[in-house]
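In what follows, every heavy atom counts, from backbone to side chain, and hydrogens, waters and symmetry copies are set aside. We're numbering straight along the sequence, starting at 1.
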Amino acid sequence: MTDAWLPLLGGLVLLVGGGELLVRGAVQAAERLGISPLVIGLTLVGFGTSMPELVTSVQAGLNESPGIAYGNVVGSNIANILLIAGASALICPIIVARSALRRDAAVMLAVAAGFTVLAWAAPLGRMVGLVLVAMLISYITLVIRQERGAADGEALHDKTLALAETDPGLATPHAPKRLVLPLFIALAGLALVVLGGSFLANGAVALARGIGVSETVIGLTIVAVGTSMPELVTSVIAALKRQGDVAFGNVVGSNIYNLLGIGGATALIAPSRVPGEIVSFDAPLMVAVSLLLVLFAATGLRIGRWEGVVLLGGYIAYLWMLWP
């Protein structure tokens, strides 16, 4: 069992640390090159905080472990809503901007439903992956156009703010005089993320075999929560600072990135069929909890503490149902 837990935990540490270095170096380099902070936030920061999920799912797909690959994607989205949004609302009620509810939450719900239908209908091949990635690029382009000059209220903008709350240095980075150092930091972070993803995927497979639990269950729970640690930390810190509105955008933005970016990249690089248990239960559950989050947010444009209790209780029940 030690042979499974050590690479699993070591991989998580490398993923979190490498992701932070990757984001920091990329943001500093982009600032030095004069790229708009808005574009940096919606692209480099968004992809950087989702890098643990991306690398882990792609690595698992290449290792022919679709249960871990897509369990990580679907499980991360379920954890984002039930665990992360629930914990954040319990700490501080989440205020929901009308614009974020109208556009971004609706996109999250539509993408969750679309992904579920695709997973049920056919294997996720390269063409499907290409379409998903293209949809993410189109969505980011639309958001950048609409958010120019906007101060707040959008999901991906709030995802950036959530990270800045965790590490204020990323909000207004002071770029060094040369590009060498930030590029080195970004590349070092990327290397750590890739190495961590390999360790995590291999450790998850070994753990599943060692304790007699399916790879899908490990992907939906341990791997999903582990790779969602950046979102968990940033949302909880935002809630502790009484900025509950940022937590909503962080969750919604992350879920969109997960399905379109990570699901698409995994299908593009390592085509496979989504395991039947995910298609029949977990993916529809992801749609259901996405709808629940939207309904909670639509009632008074806030997610209160009692709703946070419901969400957290739902995640505990979900874990109880999954584990034998």
Side-chain angles (χ1 to χ4, degrees), residues 46 73-117 139 142-143 146-147 150-163 165 224-225 228 231-260 281-321:
V73 172
V74 174
S76 290
N77 276 27
I78 294 173
N80 282 346
I81 293 172
L82 297 181
L83 174 62
I84 297 176
S88 300
L90 198 60
I91 295 170
C92 175
I94 298 175
I95 308 301
V96 181
R98 191 178 301 275
S99 54
L101 179 65
R102 185 173 57 247
R103 187 191 68 195
D104 302 302
V107 169
M108 177 193 70
L109 185 57
V111 167
F115 182 88
T116 300
V117 171
Y139 173 67
L142 172 66
V143 171
Q146 292 186 353
E147 287 194 1
D152 52 27
E154 310 296 351
L156 300 186
H157 178 79
D158 287 342
K159 181 174 168 63
T160 305
L161 289 180
L163 185 68
E165 286 300 321
V225 173
S228 294
E231 284 81 7
L232 176 61
V233 172
T234 53
S235 289
V236 168
I237 288 179
L240 287 171
K241 294 190 175 184
R242 322 303 291 180
Q243 294 182 331
D245 55 329
V246 171
F248 181 79
N250 187 35
V251 167
V252 171
S254 295
N255 279 18
I256 294 171
Y257 267 106
N258 284 348
L259 290 175
L260 295 182
F281 177 70
D282 302 283
L285 178 65
M286 173 183 66
V287 177
V289 298
S290 298
L291 178 59
L292 180 64
L293 181 71
V294 172
L295 292 176
F296 279 172
T299 54
L301 294 179
R302 71 194 302 269
I303 301 175
R305 286 190 171 90
W306 75 268
E307 292 164 320
V309 170
V310 171
L311 294 175
L312 279 175
Y315 194 66
I316 294 172
Y318 173 64
L319 294 179
W320 182 80
M321 292 173 63

query = Where do Leu291 and Leu295 land on the side chain to side chain contact (heavy atoms under 4.5 Å, CB included) test, with the steps shown first?
reply = CA-CA 6 Å; Leu291 178 59; Leu295 292 176; 4.2 Å; yes
Residues pairing under ring pair (Phe, Tyr, Trp, His ring centres under 6.0 Å) where one sits in residues 74-94, two or more places apart or in two chains, turn out to be none
Sequence neighbours excluded, the answer for side chain to side chain contact (heavy atoms under 4.5 Å, CB included) partners of Ile91 is Val236, Ala239, Leu240
Donor-acceptor pairs under 3.5 angstrom involving side-chain atoms of residues 75-90: please list them, not counting sequence neighbours.
residue: Ser76; atom: OG; partner: Asn72; partner atom: O; Å: 2.6
residue: Ser76; atom: OG; partner: Asn72; partner atom: OD1; Å: 3.3
residue: Ser76; atom: OG; partner: Ala224; partner atom: O; Å: 3.4
residue: Ser76; atom: OG; partner: Ser228; partner atom: OG; Å: 3.3
residue: Asn77; atom: OD1; partner: Asn258; partner atom: ND2; Å: 2.8
residue: Asn77; atom: ND2; partner: Asn255; partner atom: O; Å: 3.4
residue: Asn80; atom: ND2; partner: Ser76; partner atom: O; Å: 3.4
residue: Asn80; atom: ND2; partner: Asn255; partner atom: OD1; Å: 2.7
residue: Ser88; atom: OG; partner: Ile84; partner atom: O; Å: 2.8

Contacts of Tyr318 meeting side-chain hydrogen bond (donor to acceptor under 3.5 Å, both in side chains) (sequence neighbours excluded), chain-then-number -> Asp282
Separation between CD1 (Ile256) and CG (Leu109), nearest 0.5 Å, reads 10.5 Å
When every non-hydrogen atom of Pro93 is compared with those of Arg302, the smallest separation belongs to CB-NH2, 3.1 Å
Hits for ring-ring contact (aromatic ring centres under 6.0 Å, His included) against Phe296, two or more places apart or cross-chain, chain-then-number order -> Trp306
Here the gap from Arg103 atom CZ to Leu142 atom CG, rounded to the nearest 0.5 Å, amounts to 6.0 Å
Residue set satisfying side chain to side chain contact (heavy atoms under 4.5 Å, CB included) with Ala297, at least two apart, ordered chain then number -> Val96, Leu101, Phe248, Ile303
>> So Val74 and Leu285, do their side chains get closer than 4.5 Å, heavy atoms only?
In response: no
Taken in chain and number order and not counting sequence neighbours, the residues that satisfy side chain to side chain contact (heavy atoms under 4.5 Å, CB included) with Ala112 are Leu259, Met286, Val287, Ser290
Taken in chain and number order and not counting sequence neighbours, the residues that satisfy side chain to side chain contact (heavy atoms under 4.5 Å, CB included) with Ile316 are none
